[in-house]
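Proteins get letters first, then strands, A, B, ... in listed order; numbering begins at 1 in each. Since this is a predicted model, take the numbers as computed values, not measurements.
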2 protein chains.
Amino acid sequence: MIRLLADPLRAQIVALLAEGPACTCHLVEDTGAKQPNISNHLRLLRDAGLVVSEPHGRFTYYRLVPEALEAAAGHLADMARLARARSEARRECP
Amino acid sequence: MIRLLADPLRAQIVALLAEGPACTCHLVEDTGAKQPNISNHLRLLRDAGLVVSEPHGRFTYYRLVPEALEAAAGHLADMARLARARSEARRECP
DNA sequence: TGCTGATATCACCGTCGCCTGATGTGATCA
DNA sequence: TGATCACATCAGGCGACGGTGATATCAGCA
């Protein structure tokens with residue numbers, strides 16, 4: 001799921017959605033990317049559960065799912081903690 | 001920097017290093033990947049400051065930098081917090 | 001100092017993912 | 001109900017990145 005944040009455009013979309021729910025047209029305007037491109041990225045983000053879509057008439061609003069980001073953050077924090085704890089557990093070469 | 005964790009092999013290397021410092025031969029053995037491949041990934045991780053290398057004679061030990069992971073985790077957590085706070089700040093379509 | 005082993009670097013190739021133009025779908029409005 | 005708008009989907013081209021074999025570098029050791 002962190003994999004999805006690798007793409008710069010997708011990361012920008014997530015950052016924009018963090019400021020509040022927005023619809024596709026907002027994201028197209030803010031990023032300068034073409035609409036099909038944004039739609040494709042939103043589809044991937046939705047499939048991964050990072051965002052949810054809320055149809056409002058002709059518009060489709062997208063909302064970030066904080067729990068997904070928190071889960072990823074927790075995973076990284078866990079690894080950091082583990083690395084600190086095992087900092088001196090160097091494996092020996094044969 | 002999160003971008004680096006997108007690659008599965010690189011993510012595996014980071015996870016292995018979280019269990020304690022290890023040298024290239026350990027990572028080659030544990031991942032099953034070829035040695036030049038591992039070396040390339042380690043180079044990228046080192047350039048990004050995610051790991052540091054500690055030459056020990058013929059061997060080169062790699063150690064995870066917890067601060068780097070914590071910074072990434074903090075970034076994600078910040079966005080999650082922001083998303084919660086702005087959850088109802090929906091932008092209006094023109 | 002010549003040899004061996006561990007690691008780094010290089011060049012090349014294949015492939016995967018991103019971007020784009022065209023088109024389809026559904027909802028709103030005249 | 002036909003037109004228009006917002007959005008989704010599709011198919012194709014293209015570039016970037018990962019994997020691999022060959023080779024270079026360097027440390028330890030006989």
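A:Y62 comes within 4.0 angstrom of the backbone, heavy atoms only, and of no base. Across all strands shown, B:L9 has heavy atoms under 4.0 Å from sugar-phosphate atoms exclusively, and none from any base. Within 4.0 Å of A:T60, counting heavy atoms only, lie sugar-phosphate atoms of the nucleic acid but no base atom.
The environment of A:R46 atom CZ is dense: over 12 non-hydrogen atoms of other residues, nucleotides or ligands sit within 6.0 angstrom.
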Sequence-aligned protein contact record of nucleotides 21-30 of chain C, with B where the base is within under 4.0 Å of a protein heavy atom and S where only the sugar-phosphate is: BB----BS--
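Going from atom CG of B:L45 over to atom C1' of C:dA8 covers 15 Å, rounded to whole Å. Computed from coordinates, the A:R46 CZ to D:dT9 C1' distance equals 11 Å when rounded to whole Å. One interatomic measurement links the two molecules: CG of A:L42 to P of D:dA6, which rounds to 16 Å at whole-angstrom precision. Straight-line distance from the CZ atom of B:R43 to the P atom of D:dC17: 14 Å, rounded to whole Å. The CG-C1' distance, from A:D7 to C:dC16, rounds to 13 Å in whole Å. Note: CG (A:L44) to C1' (C:dC19) measures 13 Å, nearest angstrom. The interatomic distance linking B:F59 (CZ) with D:dC26 (P) rounds to 18 Å, in whole Å.
At least one donor-acceptor pair under 3.5 Å links the side chain of B:R10 to the backbone N or O of B:L4. Looking only at distances, a side-chain donor or acceptor of A:H26 sits under 3.5 Å from a matching main-chain atom of B:E92.
Scanning all heavy atoms of the two residues, the minimum distance from A:A68 to A:M1 falls at O-SD, 3.7 Å.
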Evaluation steps, side chain to side chain contact (heavy atoms under 4.5 Å, CB included), between B:L50 and B:V65: CA-CA 5 Å; B:L50 250 162; B:V65 177; 5.9 Å; no
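Salt bridge status for B:E70 with A:R84: present, with a side-chain N to carboxylate O gap under 4.0 Å.
In this model, the phosphate group of D:dC17 is not approached by any side-chain N or O of B:R10 to a distance below 4.0 Å at OP1 or OP2. OP1 or OP2 of D:dG19 lies within a sub-4.0 Å distance of a side-chain N or O belonging to B:H41.
Annotation: side chain of B:I2 is in contact with side chain of B:L76 (closest heavy-atom distance under 4.5 Å). In this structure, the side chains of A:L27 and A:L42 come closer than 4.5 Å at one or more pairs of heavy atoms. A 4.5 Å side-chain heavy-atom check between A:D30 and B:R91 finds at least one atom pair inside the cut-off.
When each of B:S53 and A:A33 is assigned the nucleotide of DNA chain C with its nearest heavy atom, B:S53 is the one assigned upstream, toward the 5' end.
Contacts between residues 22-30 of chain A and DNA chain D, counted as heavy-atom distances below 4.0 Å, involve A:C23, A:T24, A:C25.
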